[in-house]
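Along the sequence shown, residues carry numbers from 1.
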Amino acid sequence: MRKRVTALVVLTFLLMVAGCTSREYDANMDLGKEQVQEENYLEAYDAFTLAYKDQETDEAKELMELSKYLADGISDYEEKDFEAALTAFEKGAGYEAKTKLGKKMVKIADEWVTKIDHMNEDSSDVIEEGTLSPEEEAALEEQNIEVPADGKEPEKNEVNTEPKKAENDSNSSNSSNSSNSSSADVPKDQDQNKEDFKKLTVQEAEQLVKDFIEIEDYPYLRVQYDHDDEKGDYIFQVFESVEDNEYGHTATWGWYGVNPKTKEVYDIMQ
């Protein structure tokens with residue numbers, strides 16, 4: 001009789017412990033999924049890690065590992081360590097996810113891989129840092145002047161300015177041969193220069209992004225130019241600074257592109 005009572009007490013205790021563990025697991029899993037939806041992958045990783053410690057399920061392990069890849073990749077990207085970021089995102093993109101949320105995270109990692117690959121393709125157009133002062137770079141950017149990869153200032157005849165109109169148009173009718181000769185002497189890229197001169201500056205494009213996301217409703221957000229993509233569109237990062245510890249960190253809110261010719265603003269992640 002005494003042994004039976006002891007067995008019942010032990011069984012009751014084990015059931016209570018199991019119930020508490022299950023509730024903690026569910027709470028941490030729910031918290032992790034919420035953080036993924038808000039793109040707080042580091043916080044999501046912490047939550048899934050706690051859940052995995054409670055119950056070593058395949059779902060918890062999958063989401064924990066994918067959150068880690070995304071958190072590391074974004075952290076490396078924001079620190080301009082693009083090689084390390086690409087490595088982390090490639091691990092996430094190649095992950096064989098089983099859950100619906102896991103497959104979504106794999107897709108996000110794959111989009112980051114594509115983004116960094118495009119940046120590498122455009123790297124030949126990037127000005128070597130330190131060759132020009134920030135003021136010179138800003139001035140050239142405002143004039144839409146393409147600077148060589150060695151960072152040297154372009155020759156004066158390379159500056160894209162709006163061509164002057166031909167003078168004495170009234171005299172052009174005197175000689176058809178003279179007119180044809182004048183047309184032949186006009187550089188073929190002048191029409192392109194006119195078009196380039198009308199492009200938006202980075203500062204103007206940044207304001208379009210702010211208007212697009214209605215930033216006045218989100219005063220804690222910041223908009224920062226990141227790079228030009230392969231089509232020549234300006235790419236901007238929208239993020240917020242989170243002061244959750246001594247150092248804090250940034251949380252990406254979204255990525256937006258601006259066509260400098262059409263002034264179209266679009267969400268890259270959609």
Side-chain angles (χ1 to χ4, degrees), residues 32-33 35-49 61-131 137 141 146-151 202 205-206 209 221-242 247-259 266-270:
K33 292 175 182 179
Q35 294 301 320
V36 169
Q37 296 300 329
E38 296 177 5
E39 298 183 0
N40 297 328
Y41 300 113
L42 183 58
E43 291 80 356
Y45 169 74
D46 292 338
F48 290 134
T49 299
K61 181 180 179 181
E62 175 180 302
L63 298 180
M64 176 182 67
E65 292 177 346
L66 284 169
S67 296
K68 180 64 173 173
Y69 294 144
L70 290 174
D72 289 347
I74 292 175
S75 177
D76 291 332
Y77 182 87
E78 292 175 347
E79 294 176 2
K80 307 300 182 184
D81 189 350
F82 302 122
E83 183 176 353
L86 182 60
T87 299
F89 288 131
E90 285 178 338
K91 290 179 179 179
Y95 198 99
E96 295 184 2
K98 304 297 183 182
T99 66
K100 182 178 180 180
L101 182 58
K103 292 178 181 179
K104 178 180 179 180
M105 295 168 74
V106 169
K107 182 179 179 181
I108 293 173
D110 185 62
E111 291 173 348
W112 274 101
V113 170
T114 301
K115 170 184 171 63
I116 295 177
D117 285 341
H118 288 167
M119 289 176 57
N120 291 335
E121 293 174 1
D122 298 337
S123 62
S124 59
D125 297 330
V126 176
I127 301 175
E128 181 181 352
E129 294 184 4
T131 304
E137 291 182 82
E141 188 177 59
E146 183 178 359
V147 180
D150 59 6
V202 172
E206 179 179 322
V209 174
L221 294 180
R222 294 180 58 190
V223 178
Q224 179 175 295
Y225 167 77
D226 192 80
H227 69 284
D228 287 9
D229 69 7
E230 74 280 0
K231 298 181 296 184
D233 291 356
Y234 300 138
I235 305 301
F236 292 87
Q237 178 189 16
V238 178
F239 62 94
E240 63 176 303
S241 297
V242 180
Y247 302 101
H249 69 281
T250 59
T252 300
W253 198 72
W255 292 90
Y256 297 86
V258 179
N259 186 316
Y266 55 90
D267 188 339
I268 295 178
M269 305 305 289
Q270 291 185 353

Checklist entry - With side chains defined as the heavy atoms from C-beta onward, is the minimum distance between V202 and F236 less than 4.5 Å? => result yes

Checklist outcome for this item: Contacts of Q224 meeting side chain to side chain contact (heavy atoms under 4.5 Å, CB included) (sequence neighbours excluded), chain-then-number -> R222, F239

Checklist entry - Side chains of L86 and D76: closer than 4.5 Å at any heavy-atom pair? => result no

Checklist entry - If you look at every heavy atom in G73 and A85, which pair is closest and at what distance? => result O-CB, 3.4 Å

Item to check | Spatial distance of atom CE (M105) from atom OH (Y41) [nearest 0.5 Å] | outcome: 6.5 Å

Checklist entry - Rounded to the nearest 0.5 Å, how far does CG of D72 lie from CG of D81? => result 11.0 Å

Next on the checklist: Let me confirm one number: the CG-CE distance from D229 to M119, rounded to the nearest 0.5 Å.
Outcome noted: 11.0 Å

Checklist entry - Are Y266 and D233 side-chain neighbours, meaning at least one heavy-atom pair lies under 4.5 Å? => result yes

Checklist outcome for this item: Quick note, ring-ring contact (aromatic ring centres under 6.0 Å, His included) partners involving residues 93-115, not counting sequence neighbours, are Y77-W112, F89-W112, W112-W255

Next on the checklist: If you compare all heavy atoms of K33 against all heavy atoms of L63, which two are closest, and at what distance to 0.1 Å?
Outcome noted: CE-CD1, 4.2 Å

Next on the checklist: I need the minimum non-hydrogen distance between V113 and A93, along with the two atoms involved.
Outcome noted: CG2-CB, 4.3 Å

Next on the checklist: With heavy-atom distances below 4.5 Å as the criterion, would you say the side chains of K115 and H227 are in contact?
Outcome noted: yes

Checklist entry - Side-chain contact, heavy-atom cut-off 4.5 Å: Y69 with E90? => result no

Checklist entry - Of the non-hydrogen atoms in M269 and D267, which two are nearest, and what is the gap between them? => result N-OD1, 3.0 Å

Checklist entry - What is the distance from atom OG1 of T49 to atom CD of E65, rounded to the nearest 0.5 Å? => result 10.0 Å

Checklist entry - Is there a side-chain contact between E78 and Q237 (heavy atoms, below 4.5 Å)? => result yes

Checklist entry - Are any non-hydrogen side-chain atoms of N259 and K231 less than 4.5 angstrom apart? => result no

Checklist entry - For the residue pair V36 and A44, what are the closest heavy atoms and their distance? => result CG2-CB, 3.6 Å

Item to check | From Y45 atom OH to L66 atom CG, the distance as rounded to the nearest 0.5 Å | outcome: 12.5 Å

Checklist entry - Looking at CD of E39 and CD1 of I108, how far apart are the two atoms once the value is rounded to the nearest 0.5 Å? => result 6.5 Å

Next on the checklist: Quick check: closest heavy atoms across G102 and T99, and the distance to 0.1 Å?
Outcome noted: N-OG1, 3.0 Å

Next on the checklist: Quick one, E111 with I268, criterion side chain to side chain contact (heavy atoms under 4.5 Å, CB included). Give me CA distance, side-chain angles, the key distance, then yes/no.
Outcome noted: CA-CA 9 Å; E111 291 173 348; I268 295 178; over 6 Å; no

Next on the checklist: Heavy-atom count check: over 12 atoms from other residues, nucleotides or ligands less than 6.0 Å from K100 NZ?
Outcome noted: no

Item to check | L42 and Q35, any side-chain heavy atoms less than 4.5 Å apart | outcome: no

